[in-house]
Chemist: 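To start, I am sharing the structure in question, which I have written as structure tokens.
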Amino acid sequence: MLTTGPRGTKDILPDTIGQWLYVEKTVRDICELYGYKEIRTPIFEHTELFLRGIGETTDVVEKEMYTFIDRGKRSLTLRPENTAATVRAYLEHKLYADIAVNKLFYIGSMFRYDRPQAGRYREFHQFGVEALGTLNPAIDAEIIMLAVQFLKTLGLNDLKLALNSVGCPNCRPVYRERLQEFFRDKLEVLCSDCQSRYDRNPMRILDCKNEHCKELSMGAPNITDCLCDECTDHFEQVKSLLTEAGIEFELDPRLVRGLDYYTKTAFEIQYAPLGAQSAVAGGGRYDGLIEECGGSPTPAIGFAVGLERVLLALEKQALLPGVSQATDVFVVALGVTAQKPAFKLLCDLRAKSIKASMDFAGRSLKAQMKQANKAMARYVVMLGENEVNDSCVILKDMITSDQEKIAIQEIVNKLYAEVKD
RNA sequence: GUGGUUGUGGUGAAGUGGUUAACACGCCGGAUUGUGGCUCCGGUAUUCGAGGGUUCGAUUCCCUCCAGUCACCCCA
């Protein structure tokens with residue numbers, strides 16, 4: 001218990017931290033390129049924010065939230081996603097007053113009480129982007145392109161961009177009714193999951209993996225045929241902008257998002273080799289959310305990328321960079337009298353920005369040499385009693401195995417010249 | 001929340017109802033005086049996820065729990 005982390009969590013150890021830094025660097029670079037600014041919101045929020053924002057009947061809210069009561073008897077929840085919180089911050093700090101369109105990105109931990117499986121954890125990391133303040137289809141295209149370019153920059157291939165429009169409060173209810181109408185006489189023969197979807201979210205029936213349900217849903221009406229004029233027009237423009245930009249996409253009229261706030265444009269980027277959890281990125285428009293959160297009606301769009309899934313995909317394509325943890329110099333000290341001068345040398349080297357390490361376990365010379373080798377040290381500086389008495393050190397080149405005696409006053413400059421040329 | 005599957009040292013893994021739980025890698029130490037990477041030698045699990053039960057006896061059989069893993073649900 002004490003030696004096991006909570007279920008669904010993962011430690012990121014020194015041997016893999018480089019992968020994260022690499023991905024995070026890519027995130028920051030691309031966001032800078034597209035003009036998105038980083039925002040950091042709290043890990044927890046008032047529970048109410050997610051209830052209202054995400055939707056009370058969504059799975060995320062109904063069964064996946066980490067909710068707790070604090071000592072002030074407030075109900076708080078660990079964020080299961082970051083769009084609602086970003087909107088909250090946007091309203092709280094009146095960011096809309098600064099500029100017409102706010103372009104923001106975030107990167108951090110999210111929490112969902114789910115059964116862990118491949119690509120799904122209880123604490124996971126998302127990189128997300130939000131553009132608040134415009135209904136212009138060009139921002140839809142920009143957002144989607146950013147997501148695609150991010151994944152491509154990392155080197156991922158075989159990605160599938162699925163695109164759909166889920167309508168707006170004007171046309172979606174119409175579609176919903178037509179769907180229910182279509183399935184009404186088939187309700188008895190649908191799987192039990194779909195029977196409950198029928199009322200909660202009939203669009204999900206279209207997405208069912210059950211073969212029988214798939215057959216039954218053949219010929220079901222498509223949402224894109226039921227969109228209102230405004231949504232149709234918007235969707236057409238998004239599609240043509242993407243086409244002009246050379247972004248390949250697949251129209252998927254069955255693509256549904258699980259969060260209530262989505263409107264119009266919905267998209268998902270899938271990487272099939274990941275198995276069941278193949279959605280690497282997902283997002284869409286949420287033109288009603290800001291008003292729902294107490295702001296004035298403001299259109300917005302965003303997406304989130306699951307970083308663990310990205311890392312899994314990169315691993316499958318062997319795209320993870322090997323991080324060199326080589327050090328420049330390893331200082332080997334022999335015996336007690338050399339300890340202090342060795343430590344001083346270590347400090348002096350670092351003062352010159354030379355990467356340097358030494359042994360602190362009081363090990364033998366041989367063991368220290370092995371350690372230097374493991375640390376991939378370019379040079380080893382040795383000093384023992386003799387060297388201390390002579391005010392010199394032995395400098396060893398670990399590649400050529402050459403070694404020479406050097407006055408201790410000169411060693412730092414000498415190494416600086418070697419390492420920093 | 002539901003179902004499948006797995007759980008032996010730091011890691012990958014053999015193995016059996018009964019004296020000292022293979023092997024490989026890793027790690028630690030050594031191969032004459034103060035020197036790495038190769039090689040060789042030695043040391044590295046009072047214990048087989050945890051707790052019960054069956055048994056003369058269980059790591060091996062049963063139950064419960066915990067954890068990993070995969071799938072459903074759902075999502076990034």
Side-chain angles (χ1 to χ4, degrees), chain A residues 1-10 13 15 54 57-64 80-83 107-129 147 151 191-194 196-197 200-201 204 207-210 255-259 262 267-271 274-284 302-313 330 332-335 338 359 361 363-387 394-403:
Chain A
M1 195 67 180
L2 284 176
T3 53
T4 311
R7 183 156 210 209
T9 64
K10 264 200 161 52
L13 300 176
D15 63 337
I54 298 172
T57 59
T58 57
D59 271 42
V60 170
V61 167
E62 278 187 347
K63 50 180 220 192
E64 295 174 5
E81 55 93 56
N82 210 25
T83 297
I107 181 163
S109 291
M110 308 296 154
F111 304 84
R112 256 118 98 158
Y113 189 88
D114 247 351
R115 274 283 280 272
Q117 72 181 79
R120 196 172 74 186
Y121 310 96
R122 288 186 171 179
E123 181 188 15
F124 60 104
H125 298 79
Q126 283 187 337
F127 145 52
V129 154
L151 296 168
C191 72
S192 57
D193 282 331
C194 282
S196 68
R197 285 171 180 140
R200 296 183 48 183
N201 190 348
R204 280 244 163 266
D207 206 29
C208 187
K209 287 170 189 165
N210 183 307
L255 177 69
V256 191
R257 309 265 74 224
L259 281 44
Y262 284 111
F267 70 98
E268 196 167 286
I269 301 177
Q270 290 147 10
Y271 182 70
L274 287 185
Q277 311 300 327
S278 63
V280 168
F303 72 79
V305 172
L307 261 22
E308 279 82 359
R309 291 182 186 177
V310 167
L311 253 15
L312 284 172
F330 195 91
V332 169
L334 260 183
D359 163 68
R363 309 173 73 198
S364 69
L365 170 59
K366 188 176 195 161
Q368 291 186 62
M369 287 303 293
K370 283 188 177 179
Q371 199 176 331
N373 196 56
K374 207 175 296 175
M376 294 183 286
R378 181 68 183 77
Y379 297 97
V380 162
V381 172
M382 282 175 267
L383 64 167
E385 204 171 337
N386 299 340
E387 288 71 26
I394 292 166
L395 173 63
K396 177 164 186 168
D397 184 318
M398 292 297 276
I399 293 174
T400 63
S401 289
D402 294 337
Q403 57 184 61

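So that the names make sense, note that chain A is the first sequence line, chain B the second, and so on, each numbered from 1. The figures here come from the full heavy-atom set of this structure, side chains too, leaving out hydrogens, waters and symmetry mates.
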Chemist: Can you tell if the side chain of A/Val305 reaches within under 4.5 Å of the side chain of A/Ile269, non-hydrogen atoms only?
Modeler: no
Chemist: With a non-hydrogen cut-off below 4.0 angstrom, is A/Ala377 in contact with a base, only sugar-phosphate, or nothing?
Modeler: nothing
Chemist: Report yes if at least one side-chain N or O of A/Gln126 is closer than 4.0 Å to OP1 or OP2 of B/A76; otherwise report no.
Modeler: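 No, no such contact exists.
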Chemist: Considering only B/A76, B/C70, B/C74, which nucleotide approaches the side chain of A/Tyr262 most closely?
Modeler: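 Nearest listed nucleotide: B/A76.
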Chemist: Taking A/Arg112 for the side chain and A/Val60 for the main chain, is one N or O donor matched with an acceptor at less than 3.5 Å?
Modeler: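 Looks like no, no N/O pair under 3.5 Å.
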Chemist: Looking at the base of B/G37, is there any donor atom on it, or on the side chain of A/Ser401, that sits under 3.5 Å from an acceptor on the other one?
Modeler: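 Check passes, donor-acceptor contact within cut-off.
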Chemist: Base, sugar-phosphate alone, or nothing: which one does A/Arg200 contact when heavy atoms must sit under 4.0 Å apart?
Modeler: nothing
Chemist: Between B/U6 and B/C65, how far apart are the two C1' atoms, rounded to whole Å?
Modeler: 16 Å
Chemist: Given B/G1, B/C72, B/G36, which nucleotide is nearest the side-chain atoms of A/Met369?
Modeler: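 Among the listed nucleotides, the one closest to the side chain of A/Met369 is B/G36.
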Chemist: Does A/Arg122 use its side chain to pair, donor to acceptor, with the backbone of A/Arg115 at less than 3.5 Å?
Modeler: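 Not a single qualifying donor-acceptor pair exists.
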Chemist: Taking the side chain of A/Gln117 as its heavy atoms from C-beta onward, which of B/A76, B/U35, B/C70 lies nearest to it?
Modeler: B/C70
Chemist: Could you tell me whether a side-chain N or O of A/Glu308 sits under 3.5 Å from a main-chain N or O of A/His125, the two making a donor and an acceptor?
Modeler: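 Looks like yes, one N/O pair under 3.5 Å.
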Chemist: Counting side-chain heavy atoms from CB outward, which of B/C73, B/U69, B/G29 is closest to A/Arg7?
Modeler: B/U69
Chemist: For A/Gln368, does its backbone N or O pair with a side-chain atom of A/Arg363 as donor and acceptor, under 3.5 Å?
Modeler: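 Not a single qualifying donor-acceptor pair exists.
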Chemist: With 3.5 Å as the limit, what N/O pairs link the protein to nucleotides 24-26 of chain B?
Modeler:
none

Chemist: A/Met382 versus A/Leu365: any side-chain heavy-atom pair under 4.5 Å?
Modeler: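 In contact.
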Chemist: Given that both distances must come in under 3.5 Å, which nucleotide forms a Watson-Crick or G-U wobble pair with B/C72?
Modeler: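 Across all strands, the one nucleotide that pairs with B/C72 is B/G1.
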Chemist: Between B/G52 and B/G68, how many Å separate the two C1' atoms, rounded to a whole number?
Modeler: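 To the nearest whole Å, 23 Å.
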Chemist: When you compare B/C74 with B/A67, how far apart are their C1' atoms, in angstrom units rounded to a whole number?
Modeler: 23 Å
Chemist: Pick the C1' atom in B/C28 and in B/C66, then give their distance to the nearest Å.
Modeler: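 Nearest-Å result for B/C28 against B/C66 at atom C1': 33 Å.
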Chemist: Counting Watson-Crick and G-U wobble pairs only, both distances under 3.5 Å, name the nucleotide matched with B/U64, or none.
Modeler: B/A50
Chemist: OP1 or OP2 of B/C72 sitting under 4.0 Å from any side-chain N/O of A/Lys209?
Modeler: yes
Chemist: Counting Watson-Crick and G-U wobble pairs only, both distances under 3.5 Å, name the nucleotide matched with B/G18, or none.
Modeler: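 B/C56 - that is the nucleotide pairing with B/G18, both distances being under 3.5 Å.
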Chemist: Could you give the distance separating B/G53 and B/A45 at their P atoms, to the nearest angstrom?
Modeler: 29 Å
Chemist: Looking at every strand, decide which applies to A/Ala281 at a 4.0 Å heavy-atom threshold: base, sugar-phosphate, or nothing.
Modeler: sugar-phosphate
Chemist: Judged by atom type as modelled, is there a donor-acceptor pair below 3.5 Å linking the side chain of A/Glu81 to the main-chain atoms of A/Met110?
Modeler: no
Chemist: Looking at A/Arg115, does any N or O in its side chain come under 4.0 Å of the phosphate oxygens OP1/OP2 on B/C70?
Modeler: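 So the side chain of A/Arg115 is outside the cut-off, no N or O lying under 4.0 Å from OP1 or OP2 of B/C70.
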Chemist: What is the base-pairing partner of B/G43, counting Watson-Crick and G-U wobble geometry with both distances under 3.5 Å?
Modeler: B/C27
Chemist: Applying a 4.0 Å non-hydrogen cut-off, can you work out what A/Gly335 is touching in the nucleic acid: base, sugar-phosphate, or nothing?
Modeler: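 Nothing, no heavy atom under 4.0 Å.
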Chemist: Could you check whether A/Glu81 gets within reach of a base, just the sugar-phosphate, or nothing at all, counting any heavy atom under 4.0 Å?
Modeler: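 Since no nucleic acid heavy atom lies under 4.0 Å of A/Glu81, the category is nothing.
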Chemist: Quick one: label A/Asp59 by what it contacts on the DNA or RNA (base, sugar-phosphate, nothing), any heavy atom closer than 4.0 Å.
Modeler: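 Answer is sugar-phosphate: A/Asp59 comes under 4.0 Å of backbone atoms only.
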Chemist: Determine the Euclidean distance between corresponding P atoms of B/C27 and B/U64; express it in Å to zero decimal places.
Modeler: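 Taking atom P in both B/U64 and B/C27, they lie 42 Å apart.
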Chemist: From the set B/C72, B/G30, B/U35, return the single nucleotide nearest to any side-chain atom of A/Ser364.
Modeler: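 Comparing B/C72, B/G30, B/U35 against the side chain of A/Ser364, the answer is B/G30.
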Chemist: First locate atom CD of A/Gln371, then atom NZ of A/Lys366, and finally report the distance between them rounded to the nearest 0.5 Å.
Modeler: 15.0 Å
Chemist: Is a donor-acceptor pair below 3.5 Å formed from side chain A/Gln368 to base B/U35, judging by atom type as modelled?
Modeler: no
Chemist: If you take atom types as modelled and just measure distance, does the side chain of A/Asn373 reach the base of B/G37 with a donor-acceptor pair under 3.5 Å?
Modeler: no
Chemist: Looking only at heavy atoms, what is the nearest atom pair of A/Arg200 and A/Thr58, with distance?
Modeler: NH2-C, 4.3 Å
Chemist: Determine the contact category for A/Leu307: base if any of its heavy atoms lies under 4.0 Å from a base atom, sugar-phosphate if only primed atoms, P, OP1 or OP2 are that close, otherwise nothing.
Modeler: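 Contact class for A/Leu307: none.
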Chemist: When you check the phosphate oxygens OP1 and OP2 of B/U33, does a side-chain N or O of A/Lys366 lie under 4.0 Å from one of them?
Modeler: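 Looking at the OP1 and OP2 atoms of B/U33, neither is under 4.0 Å from any side-chain N or O of A/Lys366.
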Chemist: Considering every strand shown, what is the Watson-Crick or G-U wobble mate of B/G36 when both distances are under 3.5 Å?
Modeler: none
Chemist: Within the structure shown, what part of the strands sits under 4.0 Å from A/Tyr121 by heavy-atom distance: base, sugar-phosphate, or nothing?
Modeler: base
Chemist: Think A/Arg120 has a side-chain N or O under 4.0 angstrom from the OP1 or OP2 of B/U69?
Modeler: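 So the side-chain polar atoms of A/Arg120 never come under 4.0 Å of the phosphate oxygens OP1 or OP2 of B/U69.
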Chemist: Locate the shortest heavy-atom distance separating A/Ala313 from A/Leu274; write the atom from each residue and the value.
Modeler: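 For A/Ala313 and A/Leu274, the tightest heavy-atom pair comes out as N-CD2, 3.8 Å.
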Chemist: Touch check for A/Glu62, heavy atoms < 4.0 angstrom, all strands: base, sugar-phosphate only, or nothing?
Modeler: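 No contact at all - A/Glu62 keeps every heavy atom at 4.0 Å or more from the nucleic acid.
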